[in-house]
Amino acid sequence: MVFGKRSIITLAVLAVILGLVYYFLMNRGITYIWHWEQIPQMLFYYGTRFAYETKPSLHLGVLMIGFILTLKISAVAIVFAIVLGTVLGICRLSSEPITRGIAFTFVEIIRNTPLLVQIYIIYFFAGSMLRLSAFAAGTAALAIFEGAYVGEIVRAGIQSIHKGQAEAARSLGMSYAKAMRHVILPQAFKRIVPPLAGQFISLIKDSSLVSVIALADLMFQGQQAVARTYSAFEIYFTVAALYLVMTSTLSMATQYIERRLAVSD
Amino acid sequence: MIRVKNLYKTFKTPNRREVKALVDFSTHIQKGEVVVIIGPSGSGKSTFLRCLNRLEEVDSGEIIIDGQDILAKKANINKVREELGMVFQHFNLFPHKTVLENVTLAQLIVRKRDKEKALKIARDLLKKVGIAEKESVYPAQLSGGQQQRVAIARALAMQPKIMMFDEATSALDPEMIGEVLDVMKTLAREGMTMVAVTHEMGFAREVSDRVIFMDGGQIVEEGTADHFFKNPTHDRTKLFLSQIL
């Protein structure tokens with residue numbers, strides 16, 4: 001392989017940076033004894049879980065249990081965020097000033113306050129009034145927060161569809177709702193797949209915040225494991241890698257969907 | 001069939017200027033009549049068409065279609081539009097649907113026809129506009145002329161009583177205008193009530209029953225195509241015709 005002049009410079013810079021990091025770790029850094037051998041059993045282990053289990057078998061380790069809960073929270077929150085976002089996006093474009101105003105205010109409040117605060121409010125305030133489980137409260141908080149962003153994406157998507165499309169649909173006798181459902185939204189959704197994917201990747205990452213209401217997601221399980229073993233580096237690296245597995249899978253799925261949707265272009 | 005009385009329509013431009021698109025516009029279109037509207041750009045031709053199916057709302061006036069006051073509060077505009085086919089300058093086909101789906105969609109969800117009947121009507125119409133072999137492709141893969149013929153089939157599939165053409169050939173390459181005009185002429189000869197805004201004088205001459213010349217939101221002159229091209233009376237009409245012919 002032949003490298004150009006610029007790639008050689010880039011590689012040189014990278015080598016210098018890595019060298020400096022190595023130097024500081026070795027000479028100025030902390031003394032740390034790595035215990036990577038603890039990690040595999042946090043993913044899967046072969047053994048017995050309870051005293052009454054006589055035969056050993058393959059079980060999920062704590063990090064995998066957290067991974068699965070994070071998947072569940074994210075999946076449910078994504079579904080509700082799409083529904084909420086679509087409603088918000090349509091309401092933002094309503095000809096009715098009150099509907100438009102309410103949607104606008106809702107989006108602004110949600111987008112301009114921290115998710116962490118919203119999680120606490122929903123869990124302690126709404127959650128205790130409505131007797132919501134931590135799962136329901138955490139998922140609801142995520143769906144509402146990301147739904148506000150999805151609403152803005154959907155609004156932009158609808159506005160990007162040429163108004164001739166709505167005119168053609170309406171002049172064929174379709175009601176506003178039918179024109180939206182059959183003509184405008186399918187085209188808008190196709191166009192907003194990339195920004196939506198970005199939003200859902202954020203959602204997966206933001207879901208780590210629900211660990212604060214003792215929802216035993218990947219982040220929470222990681223923290224617990226660190227408290228037990230003091231192996232902070234190994235565990236957090238693993239936790240990060242597991243989040244990366246989820247987000248990059250979503251990313252690849254999106255590219256596949258984009259290719260599939262491109263057939264009518 | 002269509003009675004229009006004292007229509008007024010004003011647009012506001014972004015810099016708050018008012019543009020009078022229709023000024024005391026009145027006309028009467030008979031069943032089976034083919035009316036061609038000509039005039040310089042900005043004369044209100046397209047606005048008039050768009051007011052007929054309320055894509056634009058008039059400021060005041062009266063529009064009676066088939067005995068029904070379509071501007072009345074209780075008028076169901078979606079029902080009215082089912083009877084008013086419209087063909088646009090830029091086709092406005094649904095790009096995410098195939099040709100066949102474009103022609104069946106409104107039949108299925110608006111006319112509530114069963115799928116078999118909708119497909120048969122769609123295929124017959126696609127054959128009629130000469131594009132049957134393209135039923136499963138997407139609009140983006142068609143030429144402008146082909147797209148416009150599909151758009152005509154889509155409007156006809158609703159079996160409307162009136163067809164409106166809003167500069168249906170203005171966005172087409174010259175060599176494709178003929179194929180679209182041929183479809184329009186066939187329709188006219190079959191007795192369809194048609195209102196067409198167009199710059200195609202050949203079309204006006206061949207099939208129109210009446211030509212309306214508009215300027216400044218008003219009818220300047222109207223009459224048969226013969227009258228128009230042989231002895232127009234108004235200076236404004238003469239000037240316009242001398243510029244386009």
Side-chain angles (χ1 to χ4, degrees), chain A residues 82 85-86 89-90 93-97 99-100 153-197 253-265, chain B residues 46 49-50 52-57 76-99 101-112 136-142 147 150-160 162-166 171:
Chain A
I82 291 176
T86 308
I90 292 173
L93 295 170
S94 166
S95 53
E96 192 66 48
T99 314
R100 215 165 51 219
I153 295 172
V154 170
R155 177 181 65 84
I158 293 173
Q159 281 178 318
S160 78
I161 303 302
H162 194 271
K163 75 177 182 18
Q165 289 292 310
E167 287 181 354
R170 297 304 302 273
S171 70
L172 286 164
M174 289 183 212
S175 62
Y176 175 81
K178 279 177 183 159
M180 264 294 161
R181 182 168 150 225
H182 295 279
V183 177
I184 309 298
L185 285 180
Q187 294 183 59
F189 269 115
K190 182 172 156 183
R191 222 169 266 187
I192 63 179
V193 164
L196 271 187
T254 312
Q255 282 170 22
Y256 173 76
I257 292 170
E258 272 183 74
R259 272 202 304 276
R260 282 284 303 276
L261 287 176
V263 287
S264 62
D265 289 340
Chain B
S46 291
L49 277 194
R50 295 165 58 83
L52 283 183
N53 67 356
R54 286 179 61 183
L55 284 182
E56 304 287 353
E57 295 291 348
N76 180 348
I77 190 60
N78 294 330
K79 279 268 169 274
V80 174
R81 285 171 177 157
E82 288 178 27
E83 307 300 335
L84 285 170
M86 185 154 195
V87 177
F88 298 87
Q89 181 177 2
H90 295 287
F91 334 132
N92 299 347
L93 290 178
F94 306 135
H96 61 304
K97 303 245 176 234
T98 63
V99 164
E101 287 165 349
N102 264 278
V103 186
T104 51
L105 178 65
Q107 294 191 63
L108 296 171
I109 66 171
V110 179
R111 283 277 197 224
K112 310 267 188 219
S136 51
V137 309
Y138 287 94
Q141 291 155 296
L142 298 177
Q147 288 192 48
V150 174
I152 293 173
R154 178 178 69 176
L156 287 174
M158 295 297 285
Q159 296 173 327
I162 299 157
M163 282 288 283
M164 305 192 289
F165 294 84
D166 188 2

Practice problem: For A/Lys178 and B/Val110, indicate whether the former's side chain and the latter's backbone hold a donor-acceptor pair under 3.5 Å. | Solution: no

Practice problem: Look at B/Ile77, B/Leu93, B/Leu84 and state which one has the largest set of heavy-atom pairs under 4.5 Å with chain A. | Solution: B/Leu93

Quiz prompt | A/Ile158 versus A/Ile184, closest heavy-atom pair with distance | solution = CG2-CG2, 3.9 Å

Quiz item: Atom OG1 in B/Thr104, atom CD in B/Gln107: separation rounded to 0.5 Å?
Solution: 6.5 Å

Self-check item: Among the listed options B/Arg154, B/Arg111, B/Gln89, the residue most often paired with chain A at heavy-atom distances under 4.5 Å
Solution: B/Arg154

Exercise. Answer with side chain, backbone, both or neither: which region of B/Arg54 has an atom nearer than 4.5 Å to a non-hydrogen atom of chain A?
Key: neither

Quiz item: Within the distance-only criterion (no hydrogens, no angle test), does the side chain of B/Asn102 pair as donor or acceptor with the backbone N or O of B/Lys97 below 3.5 angstrom?
Solution: yes

Exercise. Could you look at B/Phe88 and say if it's the side chain, the backbone, both or neither that has a heavy atom under 4.5 Å from chain A?
Key: side chain

Exercise. Check each atom of B/His96 against the heavy atoms of chain A and say whether the ones under 4.5 Å are side chain, backbone, both or neither.
Key: both

Self-check item: Heavy-atom closest pair, residues B/Gly85 and B/Ala155
Solution: CA-CB, 4.1 Å

Quiz prompt | Option in B/Ile109, B/Val87, B/Asn53 with maximal non-hydrogen atom pairs under 4.5 Å from chain A | solution = B/Ile109

Quiz item: Would you say A/Arg191's side chain and A/Gly157's backbone share a donor-acceptor pair under 3.5 angstrom?
Solution: no

Quiz item: Are the side chain of A/Arg100 and the backbone N or O of A/Ser94 linked by a donor-acceptor pair below 3.5 Å?
Solution: yes

Quiz item: Considering only heavy atoms, which portion of B/Lys79 lies under 4.5 Å from any heavy atom of chain A: side chain, backbone, both, or neither?
Solution: neither

Quiz item: For A/Leu196 and A/Phe189, what are the C-alpha separation, side-chain angles and deciding distance, and is it a side-chain contact (heavy atoms from CB on, under 4.5 Å)?
Solution: CA-CA 9 Å; A/Leu196 271 187; A/Phe189 269 115; 4.1 Å; yes

Quiz item: For A/Arg259 and A/Gln255, what are the C-alpha separation, side-chain angles and deciding distance, and is it a side-chain hydrogen bond (donor to acceptor under 3.5 Å, both in side chains)?
Solution: CA-CA 6 Å; A/Arg259 272 202 304 276; A/Gln255 282 170 22; 5.1 Å; no

Practice problem: For chain B, find its close neighbours in residues 162-171 of chain A: heavy-atom separation under 4.5 Å, sorted by number, or none. | Solution: A/Gly164, A/Gln165, A/Glu167, A/Ala168, A/Ala169, A/Arg170, A/Ser171

